[in-house]
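Only this structure's heavy atoms are used, side chains among them; waters, hydrogens and symmetry mates stay out.
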Amino acid sequence: MSENTQVTFPAATGVGSMPGGDAREAAKTVTGSLEDFPYLAELPARGPGADMIGRTAGMLVELYARVEPSGWRLSDRPGRDTRRAHAWLRQDLDALEEFTQGYEGDVKVQAVGPWTLAAALELRNGEAVLSDPGACRDLTASLAEGLRLHVADVRRRIPGARVVLQLDEPSLTAVLRGQIRTASGYRTHRAVDRQVVESGLREVLGASGPGPTVVHSCAPDVPFALLRRAGTDAVSFDFDLLTERDDDAIGEAVEGGTRLFAGVVPGTDAALSDPAGSVMSVRTLWRRLGLRPGLLAEAVTVTPTCGLAGASPAYARQALAHCVRAARSLADNPE
């Protein structure tokens, strides 16, 4: 999507993961709860290959990974772990396709972004891909191509969909600050130059083709300005982690047309307030920034604070439905 084009999104969606291991049940819950903005659910409870790193590693083109005691490591050829990741993803896509017959509208897919992936994936020597600039470039190119194919597959399966690509980048701030630890744990990898980080993100975000993009981070200090420069249409974050230091960046993002995916509903089992109470903090921020209340519905999509993998199935359903009601409250009563 063009950086100068303001993109509209539905009012509520989820982040990505769901509890349990039943792909059909997850797809049924997501499509039933989020009629205007369903997403391809991730089910990490199934084990290696369904976790966020393994799932995305399985999407890489001409790069392969296997599970080691220390985590996911690049390998010379596809093996059992790669085949398992492919099988889980096909199962999830089949389920989503089944429950979106005739659907027209936005559908979101998620993958780990290039910098969190580079921080988590190991080279053959056991160090993170992040330690090798050439390996980072290769990983970024492979991921971009893999996601182009993935997005095209979703478009083929759900012809009426506008596919929204979300990159999960929880380690991005740590990468920028040089806080990712080496394999020994005694040192940290050098901070990656911000322009290099921005360029890598732009390359992978381009895999969405004509579709809109989101970058998600449930870590503190989300680099809003960098993400906007990289070309994302929306930024997804845990609203509880915002501080007043973020005010200027948030205000500039909204005025520049960037959508905020505001994580305001707890991601694990909790007592939920009334829908209006869940978005009170959003209204408070709006007043503090002096933004026009009528802009709220145009600028904010309501989500859980993070994925729902750690929630009970009953709570996950409740949380997604609550996001929809909270978004409606925000639209009906912006002040």
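In this structure the side chain of Val129 never reaches within 4.5 angstrom of the side chain of Leu117, judged on heavy atoms. Looking at heavy atoms from C-beta onward, Gln91 lies out of side-chain contact with Asp22 at the 4.5 angstrom threshold. Side-chain contact check for Pro223 versus Arg229: every heavy-atom pair is 4.5 Å or farther apart. Contact of the Arg288 side chain with the Glu244 side chain is registered, since non-hydrogen atoms from C-beta on lie closer than 4.5 Å. Under the 4.5 Å side-chain criterion, counting only non-hydrogen atoms from C-beta, Leu40 is not in contact with Val107. In this structure, Leu201 and Leu226 have side chains that are in contact, with non-hydrogen atoms separated by less than 4.5 Å. Taking the side chain as every heavy atom from C-beta outward, Thr31 and Leu96 approach each other to under 4.5 Å. Using a 4.5 Å heavy-atom threshold, the side chains of Val109 and Val164 count as separate.
At most 12 non-hydrogen atoms from other residues, nucleotides or ligands lie less than 6.0 angstrom from CZ of Arg77. Other residues, nucleotides and ligands contribute only 12 or fewer heavy atoms inside 6.0 Å of the CD atom of Glu35. Heavy-atom contacts from other residues, nucleotides or ligands closer than 6.0 Å to CD of Glu104 number 12 or fewer. Few gaps surround CZ on Arg287; more than 12 heavy atoms of other groups in view lie less than 6.0 Å from it.
Formation of a donor-acceptor pair under 3.5 Å by the Thr284 side chain with backbone atoms of Met280 is found in this model. Distance alone, capped at 3.5 Å, places no donor-acceptor pair between the Thr116 side chain and the Gly113 backbone. Side-chain atoms of Arg124 come within 3.5 Å of backbone N or O of Ser75 as a donor-acceptor pair. A donor-acceptor contact shorter than 3.5 Å links the side chain of Thr82 to the backbone of Ala65. Under a 3.5 Å cut-off, the side chain of Ser199 and the backbone N or O of Gln195 do not form any donor-acceptor pair. In terms of modelled atom types and a separation under 3.5 Å, the side chain of Glu145 and the main chain of Ala141 share no donor-acceptor contact.
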For residues 9-17, dump all side-chain donor-acceptor pairs below 3.5 Å to protein atoms at least two apart in sequence or in another chain.
from  : atom 1 : to     : atom 2 : distance (Å)
Thr13 : OG1    : Phe37  : O      : 2.8
Ser17 : OG     : Leu308 : N      : 3.2
Ser17 : OG     : Ala309 : N      : 3.1

For residues 320-329, which side-chain N or O atoms pair as donor and acceptor with protein atoms under 3.5 Å away, sequence neighbours left out?
from   : atom 1 : to     : atom 2 : distance (Å)
His322 : NE2    : Ser273 : O      : 3.4
His322 : NE2    : Ser278 : OG     : 2.7
Ser329 : OG     : Arg283 : NH2    : 3.1

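Residue Leu272 comes nearest to Pro266 through the heavy atom pair CD2-CD, 3.7 Å, listed as atom of the first residue, atom of the second, then distance. Heavy atoms only, all atoms of each residue included: Cys136 and Trp115 are closest at SG-CZ3, 4.0 Å. Leu165 and Leu205 make their closest contact through CD2-O, 4.4 Å (heavy atoms, listed as atom of the first residue, atom of the second, distance). Scanning all heavy atoms of the two residues, the minimum distance from Pro38 to Tyr103 falls at CD-OH, 3.3 Å. Of all heavy-atom pairs spanning Pro220 and Thr173, the tightest one is O-OG1, 3.7 Å. The minimum heavy-atom distance between Leu139 and Pro114, with the atom names listed, is CD2-O, 4.1 Å.
Tested against Glu98 for a salt bridge (Lys or Arg N to Asp or Glu O under 4.0 Å), the candidates Lys28, Arg157, Arg24 yield a single pass: Arg24. Leu176 pairs in a side chain to side chain contact (heavy atoms under 4.5 Å, CB included) with only one of the listed residues (Asp193, Val192, Val197), which is Val197.
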Begin from the C-alpha positions of Val215 and Val222 and carry the test side-chain contact (heavy atoms from CB on, under 4.5 Å) through to its verdict. CA-CA 10 Å; Val215 178; Val222 175; over 6 Å; no
Can Thr8 and Glu298 be said to form a side chain to side chain donor-acceptor pair (under 3.5 Å), step by step? CA-CA 7 Å; Thr8 58; Glu298 300 171 24; over 6 Å; no
Stepwise, does the side-chain contact (heavy atoms from CB on, under 4.5 Å) test hold for Phe239 with Val282? CA-CA 8 Å; Phe239 202 91; Val282 181; 3.9 Å; yes
Do Ser171 and Ile180 pass the side-chain contact (heavy atoms from CB on, under 4.5 Å) test, and can you show the C-alpha distance, the side-chain angles, and the key distance before you say yes or no? CA-CA 8 Å; Ser171 299; Ile180 301 295; 4.3 Å; yes
Arg228 vs Thr258, test: side chain to side chain donor-acceptor pair (under 3.5 Å). Steps then yes/no. CA-CA 7 Å; Arg228 291 177 58 225; Thr258 302; 3.3 Å; yes
Derivation and outcome, salt bridge (Lys or Arg N to Asp or Glu O under 4.0 Å), residues Arg202 and Glu198: CA-CA 6 Å; Arg202 186 180 294 108; Glu198 183 182 322; 2.7 Å; yes
Under the side-chain contact (heavy atoms from CB on, under 4.5 Å) rule, what do Val254 and Leu295 come out as? Steps first, then yes or no, please. CA-CA 9 Å; Val254 172; Leu295 192 61; 3.5 Å; yes
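Judged as a salt bridge (Lys or Arg N to Asp or Glu O under 4.0 Å), the pairs with a partner in residues 36-58 (not counting sequence neighbours) are, in order, Arg46-Asp92, Arg55-Asp92. Within the structure, side chain to side chain donor-acceptor pair (under 3.5 Å) contacts touching residues 299-308 (residues at least two apart or in different chains) are Arg259-Thr301.
Going from atom CZ of Phe261 over to atom NZ of Lys108 covers 7.0 Å, rounded to the nearest 0.5 Å. With rounding to the nearest 0.5 angstrom, the OG1 atom of Thr188 is 8.0 Å from the CD atom of Gln179.
Under the 4.5 Å side-chain heavy-atom criterion for Ile, Leu, Val, Met, Phe, Trp and Tyr, Leu241 and Val214 are members of distinct hydrophobic clusters. When hydrophobic clusters are built by joining Ile, Leu, Val, Met, Phe, Trp and Tyr residues whose side-chain heavy atoms come closer than 4.5 Å, directly or via intermediates, Phe99 is not grouped with Met18. In the hydrophobic clustering of ILVMFWY residues, with side-chain heavy atoms under 4.5 Å counting as a link, Val279 and Leu296 come out together. Grouping the Ile, Leu, Val, Met, Phe, Trp and Tyr side chains by contacts below 4.5 angstrom, directly or via other members, places Val7 apart from Phe224. Phe237 and Trp286 fall within the same hydrophobic cluster, defined by Ile, Leu, Val, Met, Phe, Trp and Tyr side-chain heavy atoms under 4.5 Å apart, directly or through other members.
Between Asp106 and Arg162, at least one side-chain N (NZ, or NE/NH1/NH2) sits under 4.0 Å from a carboxylate O, which counts as a salt bridge.
Residue Val61 belongs to a hydrophobic cluster whose other members are Leu149, with links defined by side-chain heavy atoms closer than 4.5 Å.
Between Asp269 and Ser312, the side chains place a donor N or O and an acceptor N or O closer than 3.5 Å (distance only, hydrogens not considered). Checking Gln166 against Thr213 by side-chain atom types alone, no donor-acceptor pair falls below 3.5 Å. Checked by atom type, the side-chain pair Ser217/Glu169 shows no donor-acceptor distance below 3.5 Å.
Take Asp138 and apply the side chain to side chain contact (heavy atoms under 4.5 Å, CB included) test, not counting sequence neighbours, and it matches no residue.
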